[in-house]
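Structure first, then comments.
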Amino acid sequence: MPSSKSKRKQQRNKKGGGKPAAGHSGDTKAKNVSGSKTEPKMSLSAKELDIIHKQQPLYGMVSRNVSGPRVRLSLESEVNPFTKQPHTAQYKQILEGRKTLPIFAQMDEFLKLFQQNQIIVLVGETGAGKTTQIPQFVVFADLPHTRGKMVACTQPRRVSAMTLAKRVADEMDVQLGRQVGYSIRFEDMTEPGTTFLKYMTDGMLLREAMNDPDFTSYSTIILDEAHEHTLATGILMGVLKAAAKRRPDLKIIIMSATLDVVKFQKYFNIRSSGQAPLFKVPGRTHPVEVFYTQEPEPDYVEVAIRTVLMIHRAEGEGDILLFLTGEEEIEDACRKIKLEADELHNQDPDTVGPISCIPLYSSLPPAQQQRIFDAPPQSKIGSAPGRKVVVSTNIAETSLTIDGIVYVVDPGFSKQKVYNPRIRVESLLVSPISKASAQQRAGRAGRTRPGKCFRLYTEKDFMKELDEQTYPEILRSNLANTVLELLKLGVKDLVTFDFVDAPAPETLMRALELLNYLAALDDDGNLTPLGAMMADFPLDPQLAKMLIVSPEFRCSNEILTITAMMSVPNIWLQPANQRREADAAKARLTVPDGDQLTLLNVYNEYRQNSGDKNWAWNNYINQRAMAQAENVRSQLERVMEQFEIELVSIADTKKLYVAVRQALVNGFFMQVAHRKGQQGNYITVKDNQVVALHPSCGLEGQPEWVLFNEFVLTTRPYIRTVSEIKPEWLLEYAASYYDLRSFPESEYKTALQRVSAKRYGTATTTTSSKRSGSNGKSGTPDGREPKKPKFPPQTK
DNA sequence: GAGCACTGC
C-alpha cells in the first residue's frame, strides 16, 4: 500500500507546487471556486461531481486557493481524500458531530483569511474545537502532501500532542502515525514522506529548528496555547518571526485562549503590512457564576476548607475542585475536609451526603492521579447525594481536565518560579495568580453544565491587584540553556534579538558569562565547536560540558549515568509513616564522597537487580523516576555516538570516584562552596552566599570544599546534591575562572592561594597542566596570562 | 532534619 501511494505522490509532485492536487490539468474550475467574493458557485459538471464523490475528493483543488464549499464537498465524499479508501461509518458519525461546532460554520471565513495573510492570530476559548479543527482546515487549504511539506501544530505538553493527534487521526479517518502523527521526546510517531499533519511539543520543534532554521519541512506552523507564555513558545515566536521574513511562503497561525492577543498581533507585524489579523472563535462552555468575598481573607487555606464544606452543605449535586499551591498544603487540606465532612454527614445523612476527597499533584504516582476520575461516593437511598472533592495544584488548570466539576474554589495563589540573576538562583514562591489564570480556573466549573466559582478574594482585588497575564516564563528563568539554543539557531546578537518579551539584560549577561566560562562561547561571543556540540544534548550546559569532557577522565560511562540521574525528578521515596525505614534504605545506598556518586550507585544497583521487580519499592526508590533515567540515559548515549564520544570506565572504584568528581568540576566549577566556621555554614565562591548543606545530603562530615548541583531557597538557603572536591582540581580544570587576581578578598581566596603556592610555587600565578584540553578556555598553557573575556557585555 | 508549581529537549 505505501508504494502505490508514494507513486501517486511522485506524479503529483512532478507537476509542481501550484498545480492542481489530483492530476487534473485544467484548473479553471478552481478559479471559479475561489475567485468570487460572495458564496462561490461551484460550476462543476455532474461528471466532475461524480469524480469528487467517488474517486478523487481533491480533484481540481489548488493549494492555498481553496474555498469552504469545495472542502465540504471533499469531506462528504465516499472516499477518503488522503488514503482513497472508502470512509468508515465512524468517520461519518464523527463528521456529524464536527459540523455542530461553531468553528465549523466559520470555515469559509477562515480559509479566506488564511489565503490572504501570511500570519494570523486566532483566539478561542477552550472547548471551541480550534486545536482539532483549524489544523484540518489548514491541511485542505495547504494540501501539504502535494508539495512534500507538512503542517505542524505545537503544544506545550506531550500528552496534548499525543491525544490530539489520535483524535484528529480518527476525525480524518486515517491511521495514527501515518498521514497524521505526533512527535515528542522519546517517541516519533510519524512516517517520513507520508505524515503531513504533525502534532508536536514546542520544544521538539525548537530542536528541529536547530538543524533547519528556515523550517523547510513545513508549509504552515500552528502555535497553540500561546497564552500560556511558556519558555519554548516565547523562543519559537521569535525564531518563527525571523523565518517568516526569509520565507514568504511559510504561514504561521498563533492560537490563544485569552483575548489579550493585541501583543501578538503587533509583534507579528512583518513587512509593515499593519498588525496581524485576528480571527475569533466563539467558545462552547457553559456559563459560570462568579462569587467574591466581601473582605480580604488572611488565611486562604482555612477559608478554602470552610468554603468547600459550605458548598457541600448548601449547594446542589456536583463535584468540587479546590486549587491550592503544593503537596503538603493539599494533603493537609484533604485530611481536614474529610474529617469535618464525615462528621457533618454522620450527624445528618439526609441533608449532607458522603464525601470523597482526592489530592492531585504531579509527583503522585499515575495510579493515584487516576482517582480523580472515580465516581463520587454512593449514598443510601433517600439520603443526600455523594460528592467528590478534588484538591489540586495548577496541574488541574491546564494539564488535566476533570469532568463533572460544577464548583471551583479559587484562593488566588499558585507557586511560581522566580529567577534572581544576581545570585543565579531559581526558586519557587507562592504568588497571586493572574486574571487570565483566574478565568481559566473558573472555566473548569462549566465544562459539563452551568457552574459556580468562589474566589476567596474581593472583586476589587481581582480588578486592581491581579496582573492581566501570568508573567512570561522567559522573564522568570535562568536562560543559560535558552541562550545556547538561540546561538545554535543562528541568532548572532542576543541583545538586539526580537523577543516577544525581552529578558532582563542581566539575565542574558549571566547566561553568556556561564557559557563563556564553559568554553561554549569564545571571547567574541561566537559559538565554539564545543558549544555547538553541547547544544545538541538535551541538557543544561554544565551537564553537557561535563559529559563531553568525561572521556578525558576515563569515566564517561559513569558521568553518562549521573547526568541522566540528575535530569529526572527526585528518586527518593519517603512515605510519611515509614520515614525511618526510608532513611535506613537511603543510608545503605549512600556513597559518603558525594551525592552524585550516590546517584551512580543507586542506578547501578537498580540495574544489577533488574530481575527483582520489588527492588525499587523495597529500597524506597521511585520506580518511575528510575525508568525515566534509563530512558534519558539511552537518548544521551545516542547523541554521544553521533559525536563519537567514547564510553569508558575505570575498574578501580577508588580511582573511579576521584575521576568522576574531577569530571564534575569541569561542568560545575562555578557552583562551589567553602566551609566557613564550625556551624555547618558554607560560603559560595564568588557569589558569597551563606548556605548550608541540605538535610538530604549524604556527605560524611563537612568537607572543606564542596561542589553543588542546586542552590535552593526554602526555610533558608541550602545547597543540594553535593560532592566533596579538592581545591587543586579547581585551579587545574577551571584556571581562567579561578584566576585568583580577579577574586574578592575572602577566606576562600586565601585558602586557594595557599593551595596554589604549594602547587605552583607562587600564590598569584595560575598555570595549568591543561588536562581538560577539549577547548582553549579552561587552561592557560605556557604560563600565558589569561585573556580577560570581553564577554559578557557590560550593562549599565 | 527538609520538601517538589508545572512543563519541555
Considering only side-chain heavy atoms of Arg157(A), which listed nucleotide, dT7(B), dA5(B), dC9(B), is closest? dT7(B)
Send over the distance from Asn481(A) CG to dC9(B) C1', rounded to a whole Å. 8 Å
Would you classify Pro569(A) as touching base, sugar-phosphate or nothing, given that sugar-phosphate means primed atoms plus P, OP1 and OP2, and contacts are heavy atoms under 4.0 Å? nothing
Can you tell me how the ring of Tyr457(A) sits relative to the ring of Phe462(A), calling it parallel under 30°, perpendicular over 60° and tilted otherwise? parallel
Separation of dG8(B) P from Arg185(A) CZ (nearest whole Å): 10 Å
Any side-chain N or O of Thr201(A) under 4.0 Å from OP1/OP2 of dT7(B)? no
Considering every strand and a 4.0 Å limit on heavy-atom distances, what is the contact class for Thr398(A): base, sugar-phosphate, or nothing? nothing
Pair Phe413(A) + Tyr300(A): ring centers closer than 6.0 Å: yes
Is the distance from OP1 or OP2 of dA5(B) to the nearest side-chain N or O of Thr325(A) less than 4.0 Å? no
Presence of Thr393(A) side-chain N/O under 4.0 Å of dC6(B) phosphate oxygens OP1/OP2: yes
Which nucleotide in the list dA5(B), dC9(B), dG8(B) gets nearest to the side chain of Arg207(A)? dC9(B)
Could you list the residues that satisfy side-chain contact (heavy atoms from CB on, under 4.5 Å) with Val591(A), not counting sequence neighbours? Asp593(A), Leu597(A), Thr598(A), Asn601(A), Tyr657(A)
Output the residues of residues 577-584 of chain A in contact with DNA chain B, where contact means a heavy atom of the residue under 4.0 Å from an atom of the strand; sort by number or write none. Arg579(A), Asp583(A)
For Gln574(A), answer base if it contacts any base atom (sugar-phosphate contacts may also be present), sugar-phosphate if it contacts only those atoms, and nothing otherwise; contact means non-hydrogen atoms under 4.0 Å. base
For the residue pair Phe499(A) and Phe497(A), categorise the inter-ring angle as parallel (less than 30°), tilted (30 to 60°) or perpendicular (more than 60°). perpendicular
Across all chains, not counting sequence neighbours, the salt bridge (Lys or Arg N to Asp or Glu O under 4.0 Å) partners of Arg624(A) are none
Which nucleotide sits closest to the side chain of Pro538(A): dA2(B), dC9(B), dA5(B)? dC9(B)
Leu206(A) near the nucleic acid: base, sugar-phosphate alone, or nothing, with a heavy-atom cut-off under 4.0 Å? nothing
Can you tell me how far P of dG8(B) sits from CD1 of Ile184(A), to the nearest Å? 8 Å
State whether Tyr419(A) and Arg476(A) meet the cation-pi test: NZ (Lys) or CZ (Arg) under 6.0 Å from the six-membered ring centroid, and within 45° of the perpendicular axis. no
